[in-house]
Each structure stands twice: as structure tokens, then as C-alpha cells.
**Q** 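I'd like to ask you about the structure that follows.
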Amino acid sequence: MNSETLPSIIFSDDQAEAFDRVSAELMGMGIDLDHGGFEPRSEGKSSVLAIVGKAGSGKTMLLASLYKAMLAAGVDIVSGDFEGRKRKERRTLAILAPTNKAASVLRLRGVPATTIHRILYTPVYDPQYEKIAEWLAGQAPRPAVEGLTELALDRAHAFYQLVASIPGALAAAGLRGSDFIKGWKRREEPLDVGFVDESSMLDERALDDLRAIFPTLVLFGDPAQLAPVGLSGDMVFDRLGDSRKLTLSRIHRQTLDNPILDLAHALGDPDLGFEEFERMVEAAARKDDRVVVAERVDAGLMARSPVLVWRNATRIRLIQAFRTAHGCPEDALLPGEPLICDGIELPLKHRKKRIDLEARGLIKGAQVIYLGPGNKEGFAKLHVVGAEDPQVSAASIIKIEKPDEEEPFIPSAARMGAAFLHGAAVTIHKAQGSQWETVQVFAPDLYAAAQAGRSEAGVALWKRLAYVAITRAEKRLLWVVRNRLALPHEPLTISDLKTTAAPLTLVTQDNGE
């Protein structure tokens, strides 16, 4: 490897071995990371490799280094925003995550990640605005576009230099998504190499979709997380042979000095019981303020960082307590209330409308903040957390479940569109792939899981739940030990949310709304 492609970090032995193994795999597919450059892709060759390791083992660091090496070798990076002109004999790389939140974690670390959905479906640009996209991507000269001033183009260019997002740059020029994106189409031509983060969240169908597009896949995943429903405790990478899996073991994050990671890795001890683990949490809290044993759930924090629970009944009770504490009315949502997308409720014949919604990040499990009612009945203005162009106005079906009531309260009821549940508390399963600076874990639920005696893939279920919940915390962990709620100090707000030039309106109803 030459000095231009050397990673700017010091690898551990297992990371160096994994980097070399991926390099050898890519060399076999015609991409030379050692000396830079590539050969045309050979038809008929395919490869799937998995790099697995627990939280803090350096998976993201390794992925970022491989991305930089691919870039130095001249490989085109496909972001899902805009693909540009297809150069003859080019090689391509896409960096993917299952959700917008997971992709945004990578983008914050300088890795241009997108969602799997945005690679399966590509945007169709209006021809005149496609000229701007080609110019920003370095594929064409600066254009003259009717209706856009030179100052607007300068703003777009300045934005793109900071964040390599075509939609973001066009929004900075004063354009709405509906101005330049005319629709979405299923990708017809295959790509080349795919790096997939958070691959523990993939099911077999998602992996098959990716294999149909990428001859070469490198999966990055955590074997200690919870498996997708229906895989009986297995991850998709568990079904690869041992020769196709590389394991990272050394802990890198914050140079081993992280009490949150220490607690997460302690759960790997098969003899550890719940009470003993809780004593470890208490000991960590006495030594380090990054771990807190909390007597109450913090209602203020729930607006942006949901309480993580195991049981649905707990989730519903905490949501009701949150809304009561914030003075939310029975018959309406307040701006700033958090939501979780529960899927798209559309008949199959409305495939294009479904694609429009999902392409903007309204996929199952997406975290959303309610901004207010839309301009049309049944519509809501929403902020999609982690999306590059986050503000959306969409036909919405919002359901607020209540304790001991079979039917939910529905403050927004389009006939069809994006469905949402309240997001002040979420199950640990749905929290996978997301991270927050501060995370509240509802310990009584984990105790109930321990008492139930259930296991998944040979590991006590409470340990898998605790591991996933704890590792959602980037900086601070609140281990909540009582079923109580602390009142918020401030009212709900939306002033902290990133805005765009104008929200994109997604038309999802037959009557023209």
C-alpha cells in the first residue's frame, strides 16, 4: 500500500488483518487498494464477507479507512442522492445502513452513507436541475439555470463543499425537493461494491436484495445484538461460513476508558446474574458521571432520546406519563412530540407513493419529530431525524396508545399514508441502529426479562436486551431503577431542529391532497 492510501490511524492487529483481508478480496474483484487503481469488473464473480465485533471494537473506524482507500483508488462513491453520468469501465462503492439514523451516525464521522432503500430506488431529476447536480459532482461546467441567480448557485456550491449532499445543496439554493426530484425508479443496473453497516438488522430478504445489486458485499455487524424477528436468534452473517467472517476483539472507543462499554462487555460473562450486574452499574456510577443510577425517568429527555424498554405495556404507560407531564391535550399533538414510523399504510397499487414516502426516510422504525399540522386535512409537518433533507409534509396516520384501552387515540387520520406511534419510549428491538448522546434504560423491564428466564441463541435474553440498550448511549447512560417520572424543566420545543429552505410535500391521497 502506498503512503497516499495508508489509513491515518493506528490499527490493532485484528483490524490490520481485517483490512488486509478485505483488500485481498477486492484485489480478486479487480480493485487494488495497495497501489491504487482498478480493472474493469469481471462478470459472474461474487463475494460476501463479514466483519463482526462488539461495540467499540473499531468496526466504524475500519469501514471509514476502507472507504478512504477506495476513494484513493479512484472508485466512484454512489450516495443515493444523485448518481451522475456513468463513466465507461468505472467501479463503484455504496456505503449503506438500514435506517436514516444509522446512516447519519456514519455521515457525522465523514463517511457518505445512505440507506439501503435509497440505493434500491434512485431519484429522477428534472433535466435543468440535473445540470446543477452534475456541476456540483465535478462532472460538468457551471451551468446557467433559468430562475436561479449566480448567488443561489454560489450558496449551493458552498454547501456542497461542507456536506456532499446534492439535495442539501439544492435546498441551500432555495429549491424544494419537489422542484428537482420528479420521481423514483427501481435501480435497473447493478452497482459494484457495498459496505453495509449495522448488518445485524438485516433479514434474509434484505440481504437477497443487496446481493442482486452488489457482486461484492462487506457486512459490518455486532453479534451480541438482537437478531431480526424471524431469524431465530441468528444474524445473516451467522449463516456465512467461518472462512467468510472476521472478528474484531480489541476495544478502541475512547481508548478503553469508557464505563458504558465496560458494562456492555461485562454482559458476556455467562455466569453473571442480573443483581450482580446491577451492583456493577452502581459501582460504575460512583466512579464516573457518565453512568447514572436514576430514581426517575427524565420526562424532558424523552422528547429527543426515548426511554428504552422491553415490554409494550411499559412503553405505553411511559408515553402516557410523558404526555401528561408535558401538558399535552387529549385530542391533539404538540409541536416537539417525538414519533416512530410504524410503516406505510398504502395499497399495493400506490407503489409510487410508497416509494416517495420511504425515499424521504419514512421507513419502519424511523425517528420523527412532530412539527405541526399540515395545510391539508390528514397531513402533518414532520422532521425526520437523521435525514439529510429532514422536513416533510405527508399524509399521516398517528396513533397514540393508552394504557388499558384497546383502541388508540388518533390525532391525525389520513385515509392512507405514513403510520406513526408515539416515540417518547421505544422497545429495545426498535432502538437498534440508533444512538443518542444520553440514553435512559428502564431497568425494571430488564429485571422482568431476567425473571422470565428466556434466552436467544444460547444467551440470556435480558443480557442481549441490556447490551443493545446500553450501547445506544454515546456519552451518558441513565439506568432507571424506579417506575417514576421526573417532571420536565422546559416545555416542548422544535427550535433545536435543523431546518431546510422549504419542506417537501408528499402527495399520498387519491383526491389530490
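Throughout, residue positions are numbered sequentially from 1 according to the sequence presented.
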**Q** Who pairs with Lys430 by salt bridge (Lys or Arg N to Asp or Glu O under 4.0 Å), at least two apart in sequence or on another chain?
**A**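 Salt bridge (Lys or Arg N to Asp or Glu O under 4.0 Å) list for Lys430, sorted by chain: Asp342.
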
**Q** For Asp154, give me all partners under side-chain hydrogen bond (donor to acceptor under 3.5 Å, both in side chains), at least two apart in sequence or on another chain.
**A**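 side-chain hydrogen bond (donor to acceptor under 3.5 Å, both in side chains) list for Asp154, sorted by chain: Arg142.
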
**Q** Excluding sequence neighbours, so at least two apart, what forms side-chain hydrogen bond (donor to acceptor under 3.5 Å, both in side chains) with Thr149?
**A**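 With sequence neighbours excluded, Thr149 shows a side-chain hydrogen bond (donor to acceptor under 3.5 Å, both in side chains) to no residue whatsoever.
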
**Q** Under the rule for side-chain contact (heavy atoms from CB on, under 4.5 Å), what residues qualify as partners of Ala169, not counting sequence neighbours?
**A**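 For Ala169 the side-chain contact (heavy atoms from CB on, under 4.5 Å) partners, ignoring immediate neighbours, are Leu136, Ala156, Phe159, Tyr160.
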
**Q** Apply salt bridge (Lys or Arg N to Asp or Glu O under 4.0 Å) to Glu198 and list each qualifying residue two or more places apart in sequence or on a separate chain.
**A**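 Here no residue qualifies.
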
**Q** Looking at residues at least two apart in the chain, or sitting in another chain, which of them share a side-chain hydrogen bond (donor to acceptor under 3.5 Å, both in side chains) with Glu401?
**A**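 Glu401: side-chain hydrogen bond (donor to acceptor under 3.5 Å, both in side chains) contacts with Arg315.
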
**Q** CE/Met235 to CG/Asp222 distance, rounded to the nearest 0.5 angstrom?
**A**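 Here the rounded value is 7.0 Å.
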
**Q** For the backbone of Gly336 and the side chain of Arg304, can you confirm whether one donor and one acceptor N or O come within less than 3.5 Å of each other?
**A**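 Here the side-chain-to-backbone pair exists.
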
**Q** Backbone N or O of Arg296 within a donor-acceptor pair of the Arg484 side chain at under 3.5 Å?
**A**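 A pair under 3.5 Å: no.
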
**Q** Taking the side chain from His326 and the backbone from Cys328, do they hold a donor-acceptor pair closer than 3.5 Å?
**A**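 Flag not set: sc His326 to bb Cys328 has no pair under 3.5 Å.
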
**Q** Of Glu330, His422, Lys402, Met302, which meets side chain to side chain contact (heavy atoms under 4.5 Å, CB included) against Arg323?
**A**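 Between Arg323 and the candidates, side chain to side chain contact (heavy atoms under 4.5 Å, CB included) is satisfied uniquely by His422.
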
**Q** For the backbone of Leu301 and the side chain of Ser305, can you confirm whether one donor and one acceptor N or O come within less than 3.5 Å of each other?
**A**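 No; zero donor-acceptor contacts below 3.5 Å.
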
